[in-house]
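Notes for the one structure printed next.
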Amino acid sequence: MIEAKNLTKSFGKLKALDNVSLSCNKGETISIIGPNGSGKTTFIKCVLGMVIPDGGTLHFDNREIKNGWHYREKIGYMPQIGRYPDNMTIAQIFEMILDLRQKSWDDADSELVHSLGLKSIFDKRMRTLSGGTRQKVSASLAFLFNPDVFILDEPTAGLDPLSSEVLKEKIRTEKENGKLILITSHVLSELDDLVTAVIYLQEGSLLFHKNIAQLRSDTGEEKLSRAIAVVMKNSKTQHA
């Protein structure tokens with residue numbers, strides 16, 4: 001579904017991506033993790049066409065995405081911080097996005113709009129919303145058009161526990177529907193029952209890409225956070 005081959009990107013002297021090669025397939029829920037500055041955001045922005053790689057190739061659904069944009073219709077993106085026109089209401093934001101996609105509410109997946117309680121506050125302007133409510137808007141927009149791929153950047157950040165569980169249940173549903181879901185998160189405990197594989201980036205390089213069963217087998221740990229800690233400790237020992 002998404003395949004990167006020798007992907008490189010530099011910003012001045014900083015090499016954000018260093019010959020990263022990986023593939024992500026339908027039916028997978030993959031956590032992309034790594035410390036700050038590891039290349040996670042740059043990789044996501046390359047997939048979205050927001051950053052142009054210096055080298056290597058990116059394929060989406062077996063087609064190279066270079067100079068293309070139609071593939072983006074198949075991606076639902078939830079940014080870590082959603083930025084919207086302050087004077088528009090929640091309803092106007094959704095109407096604008098529906099209009100841009102030439103869709104109507106009849107074509108949309110509005111489950112999160114209702115389950116996150118947005119419908120009852122549709123007349124509120126974006127400038128009046130809390131960070132958590134903005135996150136609810138971003139989540140609902142990401143799932144609105146029933147895409148094949150979801151890219152969710154710190155999706156539960158700022159959400160109250162109930163809303164976080166509502167969103168996680170929606171992710172589980174889409175996972176069962178065979179969608180490809182990429183999630184970046186620093187809260188690994190949130191992902192234990194969601195992800196099927198882990199991509200770990202460090203200083204722009206791919207440190208490892210393993211499915212959860214393999215990761216647990218290699219480390220003897222059930223919890224994702226502890227398994228990652230074991231891998232990182234072993235990696236440091238090997239390079240010492």
Under 4.5 Å between any side-chain heavy atoms of Arg72 and Leu48, yes or no?
-> no
Do any N or O atoms from the side chain of Thr8 and from the backbone of Gly55 form a donor-acceptor pair under 3.5 angstrom?
-> yes
Strictly by modelled atom types, are Asp153 and Thr184 linked by a side-chain donor-acceptor pair under 3.5 Å?
-> yes
Does any non-hydrogen side-chain atom of Leu100 lie less than 4.5 Å from one of Ile97?
-> yes
Check the pair Tyr84, Ser138 against side-chain hydrogen bond (donor to acceptor under 3.5 Å, both in side chains), reporting the backbone distance first and the verdict last.
-> CA-CA 10 Å; Tyr84 306 97; Ser138 294; 2.6 Å; yes
Verify, without hydrogens or angle tests, whether Lys15 (side chain) and Gly204 (backbone) share a donor-acceptor contact under 3.5 angstrom.
-> no
More than 12 heavy atoms from other groups under 6.0 Å of CG on Asn62 = no
Expected output: side-chain Gln202 to main-chain Pro35 donor-acceptor under 3.5 Å = no
With a cut-off of 6.0 Å (strictly less than), are more than 12 heavy atoms of other residues, nucleotides or ligands near NZ of Lys5?
-> no
Side chains of Tyr71 and Asp61 in contact at under 4.5 Å (non-hydrogen atoms) | no
Do any N or O atoms from the side chain of Asn25 and from the backbone of Gly27 form a donor-acceptor pair under 3.5 angstrom?
-> no
Under 3.5 Å, is there a donor-acceptor pair between the side chain of Arg134 and the main chain of Arg83?
-> no
Determine the minimum heavy-atom distance between Leu116 and Ser140, stating which atoms define it.
-> CD1-OG, 3.9 Å
Is there side-chain contact between Ile44 and Tyr77, with at least one heavy-atom pair below 4.5 Å?
-> yes
How about Thr219 and Arg226: do any of their side-chain heavy atoms sit closer than 4.5 Å?
-> no
Assess whether atom NZ of Lys103 is packed by more than 12 heavy atoms of other residues, nucleotides or ligands within 6.0 Å.
-> no
Indicate yes or no: at least one non-hydrogen side-chain atom of Phe150 is less than 4.5 angstrom from one of Ile183.
-> no
Indicate yes or no for a side-chain donor-acceptor contact from Asp107 to the backbone of Ser104 under 3.5 Å, with no hydrogens or angles considered.
-> yes
Side-chain contact, heavy-atom cut-off 4.5 Å: Lys175 with Thr196?
-> yes
For atom CD of Glu165, decide whether the heavy atoms of other residues, nucleotides or ligands shown that lie under 6.0 angstrom number more than 12.
-> yes
Are there more than 12 heavy atoms of other residues, nucleotides or ligands under 6.0 Å from atom NZ of Lys74?
-> no
Would you sort out whether Asn87 and Arg125 count as a side-chain hydrogen bond (donor to acceptor under 3.5 Å, both in side chains), showing the intermediate values?
-> CA-CA 6 Å; Asn87 287 329; Arg125 297 193 182 277; 5.9 Å; no
Near Arg101 CZ, under 6.0 Å, is it more than 12 heavy atoms from other residues, nucleotides or ligands?
-> yes
Where the side chain of Ser163 meets the backbone of Asp160, is there a donor-acceptor pair that is under 3.5 Å apart?
-> no
Can you check whether Leu58's main-chain N or O pairs, donor with acceptor, with Lys66's side chain at less than 3.5 Å?
-> no
Salt-bridge contact Glu176-Arg172 (side-chain N to carboxylate O under 4.0 Å) = no
Heavy-atom check, side chain of Pro147 versus side chain of Ile75, under 4.5 Å | no
Heavy-atom pair of closest approach, residues Gly132 and Leu159 = O-CD2, 3.6 Å
Quick check: does any side chain N or O of Lys119 sit under 3.5 Å from a backbone N or O of Val113, one acting as donor and the other as acceptor?
-> no
Asn211 side-chain N/O to Ala213 backbone N/O, donor-acceptor pair under 3.5 Å = yes
